[in-house]
Amino acid sequence: MTVFCLVELESGAVADASLRALTLARGLGPVAAVAFAPPADLPVAELAAYGVSDVYAVAADGYAPRAWAWAIANLVPGWPDAFPEGPAGRRPAVLAAGTDRGNEVLAHLGAIIGLPMAANCVAAAPAPGGGLELVRQRWAGLLLEDAVLDAPVALLTAATDAVAAVPADAPGPVMVHAVKSELSPADLMMRAEEAPAAAGGASLATARVVVGGGRGVGSADGFAPLEELASLLGGVVGVSRVVTSEGWRPHTQQVGQTGTKITPDLYLACGISGAIQHIAGCAGAKHIVAINTDASAPMMARADYAVIGDLHQVLPALIEALRAR
Amino acid sequence: MEILVCVKRVPTVGGAITLTADGQAVDTRMSGFTISPHEECAVEEAVRLVERHGGSVTVVTLGPVAAEEQLRFCLSLGASTAVLVETDGSELSPFVTAAALASVASAGGHDLVLLGNEASDTGDYQVGIRMSYFLSQPVVTGIKALDFAAETSMLTARREYRGVSETFRLPLPAVVTVKEGINLPRYPSLPGRLRAKRAVIERIPVLSTIDRPELLTSPEFRVKGLRVPAAGKRSAVVLGSGVAAVPELVRVLGELGVLP
Ligand SMILES: Cc1cc2nc3c(=O)[nH]c(=O)nc-3n(C[C@H](O)[C@H](O)[C@H](O)COP(=O)(O)OP(=O)(O)OC[C@H]3O[C@@H](n4cnc5c(N)ncnc54)[C@H](O)[C@@H]3O)c2cc1C
Ligand SMILES: Nc1ncnc2c1ncn2[C@@H]1O[C@H](COP(=O)(O)O)[C@@H](O)[C@H]1O
């Protein structure tokens, strides 16, 4: 039975998070991608490479979550009259990436068709007794939940950081279907007016180097050396929640469960203890170097390298050494 | 403006998460409980809207009697009344949670329901959206800036996605889920804390909020258990102490390929 996968596009290509969702979807059955774009704008070759056999190109004028969910609901076989009876694991499914949009649209879909929605799955496979065995993230990925989803249509999103994006072994041809969506004014009440966001230097989420500062920095002024080091290394400053709660730095710089997830080559964590909610945001860093006065801080169990000491002494000396090179 | 804010009691976890022996829940013997930062911001946003436009803030939670602790915390931040939808403490599905909370909202005739974007424990990302369908009201999620124009009775809600700013305009009544960063929550005041301590909290049994008791258990989604993911436990290579470690640090940064 078909697995419908909402695909988000970014600069003309399939967004990375959607490639991961397509990879998870492929394990459940033949994949039909659903994209809210004109057929001419679809990266068909890339979709084919990820094993997509059909693409539904839905006419859409911008992002409208409820309208998008209705458009997907209308593609689900049998809905709203009767879902097809299917043997275990052969029922239709709808997947999306576990992005803000993916989770939002699938939650709308769950409410519309009256079925459960499992957010941020890292694995899904047919269960022996019927339905799907799922592994789902909790606590922003710090815990995993094993669950069984046994619904006429499985609705799930794929965690953006845990499923690898892997192209299909044997890609086939792709059929493109243009879909007109009929939208009611109520659906369009929730439509985003889009504008470029205020420019704010290199983005935290994509920076190659992040210089992190926590309570140990001590004050708003204490961030001057971190800023200087970040600009020397071509990176940006990221902070812990204590720093934003104190008002030393804006929340846009917060790394963690309720902040931004970062994936730099280097995360230099200065005066940050390494609470799990902070780790939820920086676990994707390739390398972590910690500077902390406390050799037993939890960050030490996450870092590759550590300097035990006062960041107010180590950072100026490091900046001086880098300038002298 | 009458505002309802939904908050959830969750364990306070710090350096690591430990599970109960049966792997069904987070071990809370050594920890306290709290609400999510998103929800703390939802309470703060509600209190600010009422300070500006008049009205009152009600906080509601669905959970065990012990969740009165979280309701009293919200009262100390400026909410005026609190409702506990009482359960035996077992985890209920987002569907039932939304149904129960929506029944409280429609009974109260609220203009605005505020929630967190996602609960910090289960992270289901859906209770607010499901509530909006029970209430037949518009919903926007993940909001980082909220304005209300009294003249037109319209809400303007903003958030960012992939470097694009998204603005939604919607009439009241509406459901809005917010994210941390929308404001900087205040600390409880002393008079606020005293008032919260004395406040009478309304209790409603969960079964009186949903029409079919069998909904309490969902045969369609069953949690088997929880586990801590196998983390690549490592222990840092200590490069040295204080300023003396700087030459080693520079060498390592060079090795990692991040030096200009
Ligand atoms: C649901 C929930 C979500 C959360 N989300 C986030 C989130 O997104 N991001 C986040 O960061 N937190 C989050 N938190 C908060 C988190 O639990 C911690 O409280 C926070 O991360 C601690 O910040 P910190 O490491 O800066 O402070 P602390 O834990 O106080 O650590 C300070 C560290 O600095 C060291 N230090 C002190 N002085 C110096 C010095 N002079 N030189 C070097 N080192 C020094 C200390 O040894 C200590 O290790 C969340 C909490 C909850 C409950
Ligand atoms: N048991 C509950 N009681 C009150 N509010 C809740 C409860 N569960 C979830 N919520 C609200 O719904 C939001 C989203 O939760 P969820 O969809 O479970 O991730 C939370 O941030 C809370 O504001």
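In the text below, chain A, chain B and the rest are named by the order of the sequence lines, each starting its count at 1.
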Nearest non-hydrogen partners of A:A118 and B:F221, listed with the distance: CB-CE1, 4.0 Å

How far apart are the closest heavy atoms of A:A107 and B:Q126, and which atoms are they? CB-CB, 3.7 Å

Strictly distance-based, threshold 3.5 Å: is any side-chain N or O of A:E193 a donor or acceptor partner for the main-chain N or O of B:E166? no

Report the residues that fulfil side-chain contact (heavy atoms from CB on, under 4.5 Å) with B:T152, sequence neighbours left out, ordered by chain and then residue number. B:A149, B:M154

For residues 246-259 of chain B, which residue pairs pass the salt bridge (charged side-chain N to carboxylate O under 4.0 Å, His left out) check, not counting sequence neighbours? B:E248-B:R251, B:R251-B:E255

Side chains of B:Y161 and A:E8 only: does a donor on one sit below 3.5 Å from an acceptor on the other? yes

If every non-hydrogen atom of A:V307 is compared with every non-hydrogen atom of B:A245, which pair is closest and at what distance? CG1-CB, 3.7 Å

Side chain to side chain, A:R138 and B:V26, heavy atoms closer than 4.5 Å: no

Taking the side chain as everything from C-beta on, heavy atoms only, tell me whether A:T99 gets closer than 4.5 Å to B:R162. yes

Within 45° of the ring axis of B:Y133 and under 6.0 Å from its six-membered ring centre, is that where the NZ or CZ of A:R66 lies? yes

Considering non-hydrogen atoms only, spot the tightest contact between A:A321 and B:V246 and give its length. CB-CG1, 3.9 Å

State whether the side chain of B:R169 and the backbone N or O of A:R191 hold a donor-acceptor pair below 3.5 Å, judged by distance alone. no

Side-chain contact test, heavy atoms from C-beta onward, threshold under 4.5 Å: evaluate it for B:V250 versus A:L322 and give yes or no. yes

Which atom pairs, one a donor and one an acceptor, fall under 3.5 Å between side chains of residues 171-185 of chain B and the rest of the protein, sequence neighbours left out?
from: B:T177; atom 1: OG1; to: B:N117; atom 2: OD1; distance (Å): 3.3
from: B:T177; atom 1: OG1; to: B:G142; atom 2: N; distance (Å): 3.0
from: B:K179; atom 1: NZ; to: A:D100; atom 2: OD1; distance (Å): 3.4
from: B:K179; atom 1: NZ; to: A:D100; atom 2: OD2; distance (Å): 3.2
from: B:E180; atom 1: OE1; to: A:H251; atom 2: NE2; distance (Å): 3.0
from: B:E180; atom 1: OE1; to: A:Q254; atom 2: NE2; distance (Å): 2.9
from: B:E180; atom 1: OE1; to: A:T258; atom 2: OG1; distance (Å): 2.6
from: B:E180; atom 1: OE2; to: A:R241; atom 2: NE; distance (Å): 2.4
from: B:E180; atom 1: OE2; to: A:R241; atom 2: NH2; distance (Å): 3.4
from: B:N183; atom 1: ND2; to: B:C41; atom 2: O; distance (Å): 3.0
from: B:N183; atom 1: ND2; to: B:E45; atom 2: OE1; distance (Å): 2.8

So which bits of residues 95-105 of chain B come within less than 4.5 Å of chain A, counting non-hydrogen atoms only? none

Identify the heavy atoms of A:A119 and B:G123 that sit nearest to each other, and give their distance. CB-O, 3.9 Å

Lys/Arg N to Asp/Glu carboxylate O, A:E145 vs B:K224, below 4.0 Å: no

Taking only Lys NZ, Arg NE, NH1 and NH2, and the carboxylate oxygens of Asp or Glu, determine whether B:R222 and A:D146 approach each other closer than 4.0 Å. no

